There are 2 protein chains.
Amino acid sequence: MDKSICPRFEKAMGLLSQRWTGMIIYQLLFGPQRFCTIESSVGVSGRVLSERLKDLETEGIVKRDVYPETPVRIEYSLTDKGLALEPLMRDIEKWSQNWLEA
Amino acid sequence: MDKSICPRFEKAMGLLSQRWTGMIIYQLLFGPQRFCTIESSVGVSGRVLSERLKDLETEGIVKRDVYPETPVRIEYSLTDKGLALEPLMRDIEKWSQNWLEA
DNA sequence: TATACTTACTTACATAAAGTAACTAACTAA
DNA sequence: TTAGTTAGTTACTTTATGTAAGTAAGTATA
């Protein structure tokens with residue numbers, strides 16, 4: 001048979017199936033947030049969070065804004081491309097509620 | 001803040017964000033398939049495929065049927081719980097077509 | 001002036017997950 | 001008896017992730 005799957009689908013799945021990526025995007029649906037907030041709410045280590053946010057920024061899914069306050073505030077938020085993933089996240093919510101035990 | 005996310009959602013995301021799991025489920029939407037077909041169409045190694053199929057069977061997402069032909073035919077297919085993931089897969093398809101380059 | 005405090009990372013090192021290739025089991029066919 | 005098939009498993013290597021300590025930039029405090 002060999003690889004008849006759409007490469008765009010494969011890329012999307014590759015992104016979303018990296019560990020923590022989905023949770024980070026889901027968390028950002030609640031609004032812009034800073035590094036340490038995402039870190040503690042999602043439960044991801046700083047090392048990996050840093051890596052993921054860079055990747056997501058490169059992919060144009062996440063935006064990084066710097067506010068030179070004291071101490072500096074850096075906020076991460078979803079771009080339109082990132083926000084377009086909301087229906088998908090809602091589907092996961094629905095599926096988990098219908099098919100997983102509490 | 002710390003972990004206000006629904007544990008069922010977290011479990012669902014944990015399942016789906018394991019490498020290859022999404023692709024395996026997507027491939028099975030085309031119908032029941034044998035081990036070697038999934039292996040070559042998805043591009044996953046036998047070692048990991050074997051592991052994932054066991055996990056998915058344990059979770060009740062995939063079903064394994066043995067047909068004692070020659071050589072033996074073993075078919076993997078989605079249960080109702082697995083089929084319920086189709087809308088999600090379609091959303092990933094849509095998103096990838098709208099937002100990723102060809 | 002020096003020490004401490006904050007956020008947002010990065011670095012070094014240990015452990016876990018995944019890739020690769022060879023191997024096994026059960027069966028049939030030549 | 002040797003070879004061929006599918007469905008795995010095993011041993012070993014490479015990559016990804018977790019953990020904990022360290023850095024940089026800035027302000028406030030003693």
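Every chain is numbered from 1, with letters handed out A, B, ... down the list of sequences. For clarity, every value in this text was computed on a predicted model and none was experimentally measured.
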Student: What is the nucleic acid contact for T70(A), judged by heavy atoms within less than 4.0 Å: base, sugar-phosphate only, or nothing?
Tutor: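 Here T70(A) touches the backbone only, sparing every base.
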
Student: Identify which nucleotide among dT9(D), dA7(D), dA11(D) has an atom closest to any side-chain atom of S50(B), counting heavy atoms from C-beta outward.
Tutor: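 Comparing dT9(D), dA7(D), dA11(D) against the side chain of S50(B), the answer is dT9(D).
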
Student: What's the CZ-C1' distance between R73(A) and dG26(D), to the nearest Å?
Tutor: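 Value for this atom pair: 16 Å.
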
Student: Measure the distance from CZ on R19(A) to C1' on dG18(D) and round it to the nearest whole Å.
Tutor: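 From R19(A) CZ to dG18(D) C1': 9 Å.
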
Student: Any strand is fair game: report the nucleotide pairing with dT13(D) by Watson-Crick or G-U wobble, both distances under 3.5 Å, or none.
Tutor: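 Checking every strand shown, dT13(D) finds its partner in dA18(C), with both distances under 3.5 Å.
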
Student: Taking DNA chain C as the partner, which of residues 53-68 of chain A come within under 4.0 angstrom of it by heavy atom?
Tutor: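 Output list: K54(A), R64(A).
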
Student: Any luck finding a side-chain donor-acceptor pair between E57(B) and Y76(B) under 3.5 Å?
Tutor: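 Distance-only check fails for E57(B) and Y76(B).
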
Student: Go through K11(B) and E59(B) one step at a time and tell me if the salt bridge (Lys or Arg N to Asp or Glu O under 4.0 Å) criterion holds.
Tutor: CA-CA 11 Å; K11(B) 169 150 195 203; E59(B) 291 296 331; 3.2 Å; yes

Student: About how many Å separate NZ of K54(A) and CG of L56(A), when rounded to the nearest 0.5 Å?
Tutor: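 Between L56(A) CG and K54(A) NZ, I get 12.5 Å after rounding to 0.5 Å.
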
Student: Go through the steps for Y26(A) and L85(A) under the test side chain to side chain contact (heavy atoms under 4.5 Å, CB included), then give the verdict.
Tutor: CA-CA 9 Å; Y26(A) 181 76; L85(A) 290 165; over 6 Å; no

Student: For the pair R90(B) and L29(B), evaluate side chain to side chain contact (heavy atoms under 4.5 Å, CB included) and give the outcome as yes or no after the intermediate values.
Tutor: CA-CA 11 Å; R90(B) 298 306 167 204; L29(B) 286 176; 4.0 Å; yes

Student: I would like to know whether L16(A) and L88(A) meet side chain to side chain contact (heavy atoms under 4.5 Å, CB included); could you show each step before the answer?
Tutor: CA-CA 11 Å; L16(A) 296 168; L88(A) 198 150; 4.1 Å; yes

Student: Relative to the 5' end of DNA chain D, which residue comes earlier, R47(B) or F35(B), by the nucleotide with the nearest heavy atom?
Tutor: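 So the residue in question is F35(B).
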
Student: Please tell me which of P71(A) and R52(B) maps to the more 5' nucleotide of DNA chain C, matching each residue to the nucleotide holding its nearest heavy atom.
Tutor: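 That would be P71(A).
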
Student: So which heavy atom on P32(A) is nearest to which on E75(A), and how close?
Tutor: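 That closest heavy-atom pairing would be CB-OE1, 3.6 Å.
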
Student: Taking only the side-chain nitrogens and oxygens of W20(A), find out if one of them lies under 4.0 Å from OP1 or OP2 of dG18(D).
Tutor: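 Checking dG18(D) against W20(A), a side-chain N or O does come within under 4.0 Å of OP1 or OP2.
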
Student: Write down the atom of D65(A), the atom of S77(A), and the distance for their closest heavy-atom approach.
Tutor: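 Answer, listing the atom of D65(A) first, then S77(A): OD2-OG, 4.2 Å.
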
Student: Tell me which of S45(B) and R34(A) sits closer to the 5' end of DNA chain C, going by the nucleotide each one is nearest to.
Tutor: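 It is R34(A) whose nearest nucleotide is closer to the 5' end.
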
Student: Give the C-alpha distance, both sets of side-chain angles, the deciding distance and a yes or no for side chain to side chain contact (heavy atoms under 4.5 Å, CB included) between F35(A) and S50(A).
Tutor: CA-CA 8 Å; F35(A) 192 93; S50(A) 169; 4.2 Å; yes

Student: Of all nucleotides in DNA chain C that come within under 4.0 Å of a heavy atom of chain B, which is furthest toward the 5' end and which toward the 3' end?
Tutor: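 The contacted stretch runs from dA18(C) to dT28(C).
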
Student: Rounded off to whole Å, could you give me the CD-to-C1' distance for the E39(A) and dA20(D) pair?
Tutor: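 Taking atom C1' of dA20(D) as the reference, CD of E39(A) is at 12 Å.
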
Student: Send over the distance from E51(A) CD to dG18(D) C1', rounded to a whole Å.
Tutor: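 Rounded to the whole Å, the gap is 12 Å.
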
